[in-house]
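Report on one structure; see the data block that follows.
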Amino acid sequence: MTNVRILRLRDAVRLAVKKDLRTDPAQRGNIYSSDGKILATTIPVCDLYLDLYKGKDAPIHDTSYNKYIDTICLLLARAVPDKSAQYFRDKLDKERKKSNPGRCFLVRRGLSYSCWRAVCRIPGWSHGVVHQVDNRNVVRQVRAHIYGRLGENVIGMYDGFANKYTGLEGYYDSLLRGQDGIYICHRLTRGVWLADESPNNSPHIGDSVTIDSMSVQPKIDGTSIVAAMDTRYQDLAEAALRSSLEQYNALSGCAILMEVSTGYVLACSNLRFDTTTHRYEEVMYGNVAVSDHYEPGSTFKTVLMAAMLNDNSNKIDTAQRVLTGKKTYSSTSGTIDDGHGGGGMASVKEVLVHSSNVGMCELGWHYYGHRRDDLKNNVLKMFPYGNLHPDLNCSEGASWVNDVTPDRDFLNFCYGYSTMVNPLQVATFYNAIAGNGRMVKPLFCKAILHDGIEEPIAPIVLKDSVCSQRTCDLLKGMLLGVVDHGTGRILKSAQYGIAGKTGTSTIRYNRHGANEKLYNASFGGFFPADNPKYSCIVVIFRVPYRHGREAAAPVFKKIADCVVAMDKKMDCVKVKPTENCVKTPIFAKGNQQQVLKIHQLLGYNYPSADSNAYWVMQDSTGHHPYKPAKGVVPNCKGMTVKAAAK
């Protein structure tokens with residue numbers, strides 16, 4: 001049988017089918033931010049194909065082509081910023097000049113629907129725009145992130161190879177995707193099908209029925225969700241983190257901002273160095289906060305100190321003195337060194353404030369030297385080692401504690417090594433200390449939208465109390481001391497108060513046959529210190545510098561400063577005026593009416609020596625009229641440009 005006869009027979013079979021099932025895709029739900037912005041939505045994009053045939057029945061005549069080609073190219077150039085109008089003109093002219101130009105010539109994929117429609121409306125071009133290619137519509141629905149790559153690992157990306165979403169998109173996929181409608185359709189003409197208007201073809205919402213051995217179900221659009229992410233906080237966290245990563249030439253990093261009482265993750269920036277773009281970006285499966293495990297170093301000393309203080313059998317007094325500096329504990333332990341000079345005796349509080357490795361080992365060796373598993377078990381009860389199972393579709397991996405029986409491993413454990421954790425676990429612990437011991441699960445989704453009404457996701461309490469109130473109060477005092485006069489002094493200028501702990505852990509790797517040292521830098525804490533509302537952790541991986549506070553702590557402070565400035569409900573902040581606090585606005589010279597207006601807006605009294613004066617100036621003795629001498633160029637120093645121009 002010839003190929004022609006086979007094709008005719010196949011067409012005859014198709015025409016014999018009078019009914020078939022057709023799918024009506026459901027609209028995927030949106031993802032909103034907690035501040036009301038759209039983070040992810042579904043938009044139409046189009047592939048522009050043109051029929052450039054030049055025969056007698058050409059869909060685009062030469063007259064229309066020549067008249068509107070420049071208009072078309074300008075439209076395309078505006079829609080595709082990296083391509084010029086001349087690029088599209090050359091591309092189309094080259095194809096048009098061929099003896100047999102393409103009847104389905106691809107001009108550009110992924111154009112916006114508005115651009116595609118604008119091309120369709122150009123006079124004389126509408127018939128030349130191809131609407132279907134290989135029986136597929138050129139218009140398709142795609143997922144768009146309104147804020148570009150901001151917070152992509154939290155929002156979620158589509159993995160085409162695995163045919164699944166990551167992040168919130170993946171975790172809440174069953175809600176977001178809805179249910180495609182399946183209807184029985186009858187053939188009108190070849191390639192044209194109409195839905196059967198039979199009552200049986202419209203099942204009740206949520207039901208599926210079988211008609212003539214064919215399953216029918218209604219279309220149910222996806223449900224929208226509200227992420228805990230605040231776009232303002234996410235943006236500033238990403239900017240601060242990227243700046244530090246670039247400055248220190250690090251490998252990757254993350255910054256997590258949580259609300260203490262609820263566990264809502266208001267910002268979670270995950271940046272890695274992208275070798276293709278040579279920039280720090282959010283990359284597929286690059287959720288640093290959840291997937292990357294590391295030895296935390298000194299930020300874990302807070303956990304160990306909490307475990308020791310909370311053990312009633314120890315009765316540790318924070319004022320008792322222990323050795324710091326350098327010490328060898330046994331023939332197999334090696335020498336433990338604080339690494340920053342100093343030494344001598346220090347109080348238990350100062351051990352944490354100044355991050356003494358030897359001081360932590362002294363406490364561990366003295367109280368747990370003969371019952372090492374007790375310290376390990378106390379930490380396991382307090383720290384969230386088990387998978388947190390965050391509401392994100394991402395790989396969490398396993399955290400662990402090494403065997404602490406050998407002397408060296410036990411001593412390493414006492415100051416933050418011999419254990420593997422992820423940044424989100426450390427953030428959860430510090431959030432619990434800020435919340436007086438109440439540990440809540442980190443939540444990346446805040447609410448589900450049902451018919452426009454928010455159904456909040458309630459906070460999930462993991463542990464009512466990870467430690468006693470006494471232990472929690474002692475730790476808060478120590479962490480505040482870290483910032484006031486310890487390793488975190490770089491944060492001291494914050495008047496609202498920050499409490500937290502610096503951390504630096506050493507990693508060794510072989511490069512060109514030689515062992516080199518790099519460091520993981522971190523800072524975890526909370527603010528305002530007196531009445532914590534937010535907790536935050538910053539971790540930067542593979543920093544080529546010794547002290548973590550130089551890389552991570554400034555990022556923490558930038559985030560905290562901006563959050564406090566933007567949070568209008570921060571009534572818990574009590575800023576105490578300093579001795580040099582300015583009582584009235586300071587200005588040099590200016591228009592008296594404008595100066596008066598500024599004082600009134602700020603609620604200050606304005607003492608005027610001459611209410612009729614146009615210009616006024618201020619010095620150490622107060623406010624005075626300023627009258628430029630006639631015929632002399634006035635001294636404009638201290639004026640604004642606008643005022644000086646007058």
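The figures that follow rest on heavy atoms only: side chains count, while hydrogens, waters and symmetry mates do not. Residues: numbered from 1 along the sequence shown.
Taking the six-membered ring where tryptophan is involved, the planes of Y329 and W365 are tilted, since the angle between them lies from 30° to 60°.
Here the CD atom belonging to Q27 is positioned 11.5 Å from the CG atom belonging to L176, to the nearest 0.5 angstrom. Note: L475 CG to N310 CG = 9.0 Å, rounded to the nearest 0.5 Å. Summarising the geometry, atom CD belonging to E350 is positioned 10.5 Å from atom CE belonging to M478; distances are rounded to the nearest 0.5 Å. Atom OG of S333 is separated from atom CZ of R408 by 7.0 Å, given to the nearest 0.5 angstrom. With rounding to the nearest 0.5 angstrom, the CD atom of E362 is 3.5 Å from the NZ atom of K327. Rounding to the nearest 0.5 angstrom, the gap separating the CZ atom in F527 from the CG atom in L480 is 14.5 Å.
Looking only at side-chain heavy atoms (C-beta outward), V461 and M439 stay at 4.5 Å or farther from each other. Here the side chains of K557 and D561 are in contact, with some heavy-atom distance below 4.5 Å. Residues L309 and T318 form a side-chain contact, since some pair of their non-hydrogen atoms from C-beta on lies under 4.5 Å apart. Side-chain contact between D35 and R232 is present, with at least one heavy-atom pair separated by less than 4.5 Å. Put simply, the side chain of F413 does not reach to within 4.5 Å of the side chain of R372, judged on heavy atoms. Residues V466 and R438 form no side-chain contact, since every pair of their non-hydrogen atoms from C-beta on lies 4.5 Å or further apart. Side-chain atoms of V440 and N431, non-hydrogen and from C-beta on, do get closer than 4.5 Å to each other. Side chains of N249 and F273 form no contact here, defined as non-hydrogen atoms less than 4.5 Å apart.
Not one N or O on the side chain of T324 forms a donor-acceptor pair closer than 3.5 Å with the backbone of V358. A donor-acceptor pair under 3.5 Å is formed between the side chain of N393 and the backbone N or O of Y165. Side-chain atoms of Q425 come within 3.5 Å of backbone atoms of P384 as a donor-acceptor pair (strictly under, hydrogens ignored). No donor-acceptor pair closer than 3.5 Å links the side chain of N270 to the backbone N or O of E282. S34 contributes a side-chain N or O that, together with a main-chain N or O of A228, makes up a donor-acceptor pair within less than 3.5 Å. Checking side-chain atoms of D391 against main-chain N and O of L168 turns up no donor-acceptor pair under 3.5 Å. Checking side-chain atoms of R272 against main-chain N and O of S252 turns up no donor-acceptor pair under 3.5 Å.
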Would D235 and Y233 satisfy side-chain hydrogen bond (donor to acceptor under 3.5 Å, both in side chains), going step by step from the backbone distance to the final call?
CA-CA 5 Å; D235 187 37; Y233 301 158; over 6 Å; no
Side chain to side chain contact (heavy atoms under 4.5 Å, CB included), that's the test. Do V483 and F523 meet it? Break it down for me.
CA-CA 11 Å; V483 176; F523 189 93; 4.2 Å; yes
Going through the checks in order, is the ring pair (Phe, Tyr, Trp, His ring centres under 6.0 Å) test met by F300 and F383?
CA-CA 10 Å; F300 204 74; F383 189 81; 5.2 Å; yes
Step by step, work out the side chain to side chain contact (heavy atoms under 4.5 Å, CB included) result for M308 and L375.
CA-CA 7 Å; M308 295 178 187; L375 178 60; 4.1 Å; yes
Using the salt bridge (Lys or Arg N to Asp or Glu O under 4.0 Å) rule, take R177 and D221 through it: C-alpha gap first, then chi angles, then the decisive distance, then the call.
CA-CA 7 Å; R177 70 167 179 260; D221 287 335; over 6 Å; no
Quick one: do L245 and I540 satisfy side chain to side chain contact (heavy atoms under 4.5 Å, CB included)? Show the steps, please.
CA-CA 7 Å; L245 291 171; I540 298 179; 3.6 Å; yes
Quick one, K301 with V351, criterion side chain to side chain contact (heavy atoms under 4.5 Å, CB included). Give me CA distance, side-chain angles, the key distance, then yes/no.
CA-CA 10 Å; K301 289 176 182 175; V351 166; over 6 Å; no
Acceptor/donor pairs from residues 262-269 side chains to any protein atom, 3.5 angstrom cut, sequence neighbours excluded:
| residue | atom | partner | partner atom | Å |
| --- | --- | --- | --- | --- |
| T262 | OG1 | E259 | OE1 | 2.7 |
| T262 | OG1 | Y264 | N | 3.2 |
| Y264 | OH | I457 | O | 2.6 |

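Counted by atom type alone, S298 and T502 present zero donor-acceptor pairs between their side chains at under 3.5 Å. Checking T419 against Y385 by side-chain atom types alone, a donor-acceptor pair falls below 3.5 Å. Side-chain contact of T328 with T335: a donor-acceptor pair under 3.5 Å is present, judged by distance alone. Side chains of K558 and S244: a donor-acceptor N/O pair is absent below 3.5 angstrom, by distance only. Between the side chains of Y496 and D530, no donor-acceptor pair of N or O atoms lies under 3.5 Å.
Here the closest non-hydrogen pair linking N412 and S418 is CB-OG, 3.4 Å. The two residues I490 and A553 have their closest heavy-atom pair at CG2-CB, 3.7 Å. Between Y285 and A162 the shortest heavy-atom distance is OH-CB, 4.5 Å. Minimum interatomic distance between P456 and A447 (heavy atoms only, all atoms of both residues): CA-CB, 3.9 Å. Of all heavy-atom pairs between C414 and M360, the closest is O-CB, 3.4 Å. Across every non-hydrogen atom of D407 and S330, the tightest pair is OD2-OG, 2.7 Å.
Relative to the six-membered ring of Y280, R242 misses at least one condition, a distance below 6.0 Å or an angle of at most 45° to the axis. Judged by a 6.0 Å distance limit and a 45° cone about the ring axis, R542 is not positioned over the six-membered ring of Y248.
Annotation: side chain to side chain contact (heavy atoms under 4.5 Å, CB included) contacts of M284 (sequence neighbours excluded): M157, D159, T166. Qualifying side chain to side chain contact (heavy atoms under 4.5 Å, CB included) partners for C472, counting only residues two or more places apart in sequence or in other chains: I433, N436, C467, Q469, K476. Under the side chain to side chain contact (heavy atoms under 4.5 Å, CB included) criterion, E396 pairs with V290, N387, L388, H389, P390, N422, not counting sequence neighbours. Residues forming a salt bridge (Lys or Arg N to Asp or Glu O under 4.0 Å) with R371 (at least two apart in sequence, or on another chain): D311, D374. Residues that satisfy the side chain to side chain contact (heavy atoms under 4.5 Å, CB included) test with A40, not counting sequence neighbours, are I31, R143, H145, I155, E169.
Around NZ of K446, the count of heavy atoms belonging to other residues, nucleotides or ligands within 6.0 Å does not exceed 12. Atom NZ of K441 has more than 12 heavy atoms from other residues, nucleotides or ligands within 6.0 Å.
Ring-centre distance between Y534 and F526: not below the 6.0 Å cut-off.
Under the 4.0 Å criterion applied to side-chain N and carboxylate O atoms, K533 and D567 are assigned as salt-bridge partners.
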